[in-house]
Amino acid sequence: MLNELYALSQALEHQGLLQPTVHPDISSVGKQIGLLIEIDQHGVPVGVRYLEKEEMGRLWKHSKGNHNSFPAICVHTPLLPLEICDYFDRNKWKKSKLLEKIKTLSALDLKLDKNANCPFQIGTWTQEQLAEVKSSTQPQLAALRQLLNVFPHADKAVGFGQQLLDLIKEQLERCDDEALVDLFKELFVGQLNPNEKQREKKPYICKVMTYFEVREAHLYANLVGSDVTRRSLIDLLQEKQEQTDTVVSPFEAQLVKGIGRKYPNPVLPVLGQTYLYSKKETTTCLERYQLSGSQAFQAGREEVDKMNNALAFLTAAERENKTWRRMTDAHRNKPALLLAYVAQDPQNDACLAQILGDLSEYETSEDFQAESAGAYEALCAQVLQELKLIRDKNKDSQIHLMLLGELDLGRKQVVYEQVWQTELFCSNLLRWLDASKNAPGLDLPMIKKRKVQYLEVKCVEPAKICQLFKMNYSSLGLTSSSTSVVTMNEIYELYMPQNPQAADQADLIFHLLEIALAKSMPFLSVVFGERMVNDQIAVDKTSRNQAETAARWLGLFGILLALLEIKKENYMKDVPFQLGQMLKLSDMLHKEYCFIVRNKEQNKSYPAQLIGNDLLFVMADNPLDGYQRLAERLRIYWAWAYTYQGEREKWVKWILSRLEDVNSQIALKEISETLDPAQKAQLMIGYYARIENTRPQANTNNKEETKHE
């Protein structure tokens, strides 16, 4: 991963975009609820309030790994003595209402043991590392300097903790926030240790994050938790770097100052805390050279700092969907972090990460709602417009893609990397956009706002392709496995090929078609079989999800056919598509026969499978045999339809006329005994495709015909 990040840092440095925004010992507190505790100029806690996850996530901390954290301190052990924790009724607490909870906490003896190990203290390491802050005259560090001066050391920690408990008890009397009261309870008595082996030494645990701030905000240019304080502290600490030996850079083969004892461990979106390089110092990694820990790979300090700063730039919150976003991992349940940027213009506003990853958020955004085109088409227009400006300045510009994934606990690395010329990238986008329109309208009606609307074929992007190939279907329904049957390399080679005209491109497409058909056909058969019996897809979440998945599979079929130069204007006239239509019309005729002749009443159940659905797999394996079987089974229904007279006559006669039309078109051509993967895909699209409504006007008094309208 270090090699890829070094190339990234070089590109950003060339554009003048690297700023000292990160430091190995400074990181985000992380998104978790917690308590903000205000301290006055005399070091006395004077205010406590609840912090939501988003608020806490914006704050910073200075720490040595998971230790010596300041001004964020995580309380891992309840503050009150063991006998009070034992006495506290936690089951009763869960059932209590707010006023009862307040009375319960107010009745506790909130006294700290004089010999307790109170967590509210500043450690020796923190004092040494932040000593420069106390002597600094920068106004941006004034609030932090004040907090360091008054924050208790080990000898005064218990007294400070008791003052905090007294403050909380006073605040309980006027508290109306149940979430805050629950957090106070956790701080006081915690919960039973779930680890039975550790319970003897540590019977109760808690995890309450506390953050300390100065009270007199009007006296300072900025508060301790502000981003201004964080950046100023980073600048100060950068000047005070530990002295390290000179090493030969593994990236540039030049003498540089080594990284020393520790690589940075930035907190990245999606992945969380990430170690750029880490090995246990107690484990010898290269015994021959007697090197352990970071000594096993000594890069230059400035080089590593630039990598860290480059990651901070790309993963800034405001650049989500532009240069980073969450992405499905082909081989794990956990998501990956997708990074995408133009090396010659990394700060551009093109939504590269989104169009290379997942469109799901864009489909429901206000920006898309204002567009008349589909989500993918609207996003393509935005990306192409931004990239045109870059190409006008530099024809040789390149787009870089990196996927960072978690291999196992604590180990993250680049799982996929690719580079495209911007011109090729744009042509690939247009090629995919054109291919996404290669499937006809689907016969998947949905009830939306009390109206029947047909589900449209949706364009599938890399994340959706990966999710489709992770899906499995059984009698229990849809499930998702942790591993996709196709790799990210195959997915991106399909989506963004380096050479679209290469001979092996067709082999890849046929390979993916075979896998897609094997995975989807049982599922598609069941979904459409239920649709034909029930007339409309139900509105519940499960059935809507199944319909959406079916639409994506068929959209993928259309794209793969287009990439093989098989366009819908042509394949809709060919035998495989027409056979699919014939199966669909056979289902419709069979259903009418069951409704009118066998059932007599609409509320009677239909067969588990209509004849077209029953013969779908036979038709896919041997279309000639399937066609002959279908003709034999249709004979009775065909004869009935010719002679039927009644309330639904117009509708039955229309189905019959369409069957005759399709059968006539099939008769003009030869039916083969086998279908290749591309022809099987056409068969499935034909079975799902809407049939043009050229039938006579239906009787509006008939509920069944009104549904079909």
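Count residues from 1 along the sequence.
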Between [X] and [Y], is there a donor-acceptor pair closer than 3.5 Å when you use the side chain of the first and the backbone of the second?
X: Lys185; Y: Gly190; answer: yes
X: Glu54; Y: Lys31; answer: no
X: Glu100; Y: Lys97; answer: yes
X: Asp40; Y: Val44; answer: yes
X: Asp235; Y: Ser232; answer: no
X: Thr422; Y: Ser397; answer: yes
X: Thr229; Y: Leu223; answer: yes
X: Tyr211; Y: Trp60; answer: yes

Side chain to side chain donor-acceptor pair (under 3.5 Å) for Glu186 and Gln191? Distances and angles first, verdict last.
CA-CA 7 Å; Glu186 186 75 7; Gln191 54 188 296; 2.9 Å; yes
Apply side chain to side chain contact (heavy atoms under 4.5 Å, CB included) to residues Thr77 and Tyr204 and explain how you reach the verdict.
CA-CA 7 Å; Thr77 305; Tyr204 298 97; over 6 Å; no
Quick one: do Phe188 and Phe88 satisfy ring pair (Phe, Tyr, Trp, His ring centres under 6.0 Å)? Show the steps, please.
CA-CA 10 Å; Phe188 293 165; Phe88 192 84; 9.1 Å; no
In terms of heavy-atom contacts, does [atom1] of [X] have more than 12 from other residues, nucleotides or ligands at under 6.0 Å?
X: Gln385; atom1: CD; answer: no
X: Lys92; atom1: NZ; answer: no
X: Asp392; atom1: CG; answer: yes
X: Glu83; atom1: CD; answer: yes

Which value, rounded to the nearest 0.5 Å, describes the distance between Lys388 atom NZ and Arg391 atom CZ?
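Output value for this atom pair is 8.0 Å.
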Among [options], exactly one meets side-chain contact (heavy atoms from CB on, under 4.5 Å) together with [X]. Which residue is that?
X: Val133; options: Leu233, Asn149, Leu237; answer: Leu233
X: Leu352; options: Asn321, Ile399, Leu401; answer: Ile399
X: Pro335; options: Arg325, Arg326, Met327; answer: Arg326
X: Phe212; options: Val150, Leu147, Val224, Ile122; answer: Leu147

State plainly whether the residues Lys101 and Asp182 are in salt-bridge range, i.e. N to O under 4.0 Å.
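Salt bridge present between Lys101 and Asp182.
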Is any NZ, NE, NH1 or NH2 atom of the basic residue among Glu55 and Arg49 found under 4.0 Å from an Asp or Glu carboxylate oxygen of the other?
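A salt bridge links Glu55 with Arg49.
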Run the numbers on Phe70 and Phe151 for ring pair (Phe, Tyr, Trp, His ring centres under 6.0 Å), then give the verdict.
CA-CA 10 Å; Phe70 185 84; Phe151 204 81; 5.1 Å; yes
Going by atom types only, do Gln162 and Asp166 share a side-chain donor-acceptor pair under 3.5 Å?
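Per modelled atom types, Gln162 and Asp166 side chains form a pair under 3.5 Å.
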Does the side chain to side chain contact (heavy atoms under 4.5 Å, CB included) test come out yes or no for Leu236 and Gln138, once each step is laid out?
CA-CA 10 Å; Leu236 185 67; Gln138 293 185 40; 4.3 Å; yes
Shortest non-hydrogen contact between [X] and [Y], atoms and distance:
X: Cys85; Y: Pro78; result: SG-CB, 3.9 Å
X: Asn348; Y: Lys322; result: O-CD, 4.5 Å
X: Lys61; Y: Ser69; result: CD-OG, 3.5 Å

Test side chain to side chain contact (heavy atoms under 4.5 Å, CB included) on Phe184 and Leu165; report intermediate values, then the result.
CA-CA 10 Å; Phe184 286 158; Leu165 289 180; over 6 Å; no
Residue pair Asn68, Ser63: steps toward the side chain to side chain contact (heavy atoms under 4.5 Å, CB included) verdict:
CA-CA 5 Å; Asn68 296 284; Ser63 62; 5.8 Å; no
